[in-house]
Amino acid sequence: MQVSNSSYNYNVDYISRANAQQQAVSNHHGAEHDTRGLEKNESSEQAKNSSQQKDENSTELTTQEKAELTKLKAIDSKVRAHETAHQSGPAASGGASLTYAKGPDGVMYAVAGEVPVRITTGSTPQETITNMQGVIATALAPADPSPQDLSIASKARIILMQAQQEFAQEIQEKISNSSEYSQNAIKQYEQNSSSEIKDDSKDIIA
């Protein structure tokens, strides 16, 4: 812009000097004023105005750029809502990391994102079940889960099912042990009762 202005000022000075020289020659010979310099000056002024108008119009977005901008804004809104939903989940272990793209208006828009999810088993089947339920809830929190979200939820379900099986086995073992203990207690009670009856019988016979 500065170079353009300097060039324009130089041309004006050159035309002014040319007009002054032509005016002196015309007065000397009694001829009419030469208006070619003035016309050239006006033409240069019109070119400048046209250039400025072109610069102003260049800041306006084309139809294609407007369509691209609308698309970027929609993606930005969708990405932010998606990652915010993940962050609200119980297994989220950090903030969202967003990837940006520059729009035709010069503004940066989010086009992708991710939220770290903690997938850990517990010291007991019950704890693992609780953890996996949190992972599934976090992965499926958005209204439109991505393929990666569905994959994480699927893996968590597998771990969840295994933990549920282990928990069921533990309960069954406890029931069996309790039943066995009860049976042993009953047998022991019956043996003790039978022994006491025999002792009483001996006393009576004596």
query: In Å, rounded to the nearest 0.5 Å, how long is the span from CD1 of I136 to NZ of K155?
result: 13.5 Å
- request: Check whether any side-chain heavy atom of K102 lies under 4.5 Å from a side-chain heavy atom of V107, and answer yes or no.
  value: no
query: Which distance, rounded to the nearest 0.5 Å, do you find between the OG1 of T121 and the CG of L160?
result: 12.5 Å
field: Pairwise distance CG(L72) to OG(S77) - rounded to 0.5 angstrom
entry: 12.5 Å
task: Write down the atom of A92, the atom of V115, and the distance for their closest heavy-atom approach.
output: CB-CG1, 4.1 Å
query: Has M161 got more than 12 heavy atoms of other residues, nucleotides or ligands less than 6.0 Å from its CE?
result: no
message: Do E83 and L98 make a side-chain contact, defined as non-hydrogen atoms from C-beta onward lying under 4.5 Å apart?
response: yes
- prompt: Which heavy atom of P116 sits nearest a heavy atom of G95, and at what distance?
  reply: CD-O, 3.5 Å
task: Apply side chain to side chain contact (heavy atoms under 4.5 Å, CB included) to the pair F167 and T124, showing each step before the final yes or no.
output: CA-CA 8 Å; F167 183 50; T124 64; over 6 Å; no
message: If you compare all heavy atoms of A85 against all heavy atoms of S88, which two are closest, and at what distance to 0.1 Å?
response: O-OG, 2.6 Å
message: Can you confirm whether V79 sits close enough to V111 that some side-chain heavy atom of one is under 4.5 Å from a side-chain heavy atom of the other?
response: no
query: Any side-chain heavy-atom pair from E114 and H82 closer than 4.5 angstrom?
result: no
query: Does R118 have any side chain to side chain contact (heavy atoms under 4.5 Å, CB included) partners at least two apart in sequence or in another chain, and if so, which?
result: S93, T120
- request: Report yes if some heavy atom in the side chain of D149 is under 4.5 Å from a heavy atom in the side chain of H86; otherwise report no.
  value: yes
Shortest non-hydrogen contact between T128 and A163, atoms and distance: CG2-CB, 3.7 Å
field: Set of side-chain hydrogen bond (donor to acceptor under 3.5 Å, both in side chains) partners for N131, sequence neighbours left out
entry: none
task: Given side chain to side chain contact (heavy atoms under 4.5 Å, CB included), test Q169 with K174 step by step and report yes or no.
output: CA-CA 9 Å; Q169 289 176 355; K174 288 180 179 180; over 6 Å; no
- prompt: Rounded to the nearest 0.5 Å, how far apart are CD of Q165 and CD of Q172?
  reply: 13.5 Å
Atom pair CD (E68) and CG (D105), whose distance is rounded to the nearest 0.5 Å: 9.5 Å
message: Contact between I158 and M132 at the side-chain level, heavy atoms closer than 4.5 Å - yes or no?
response: no
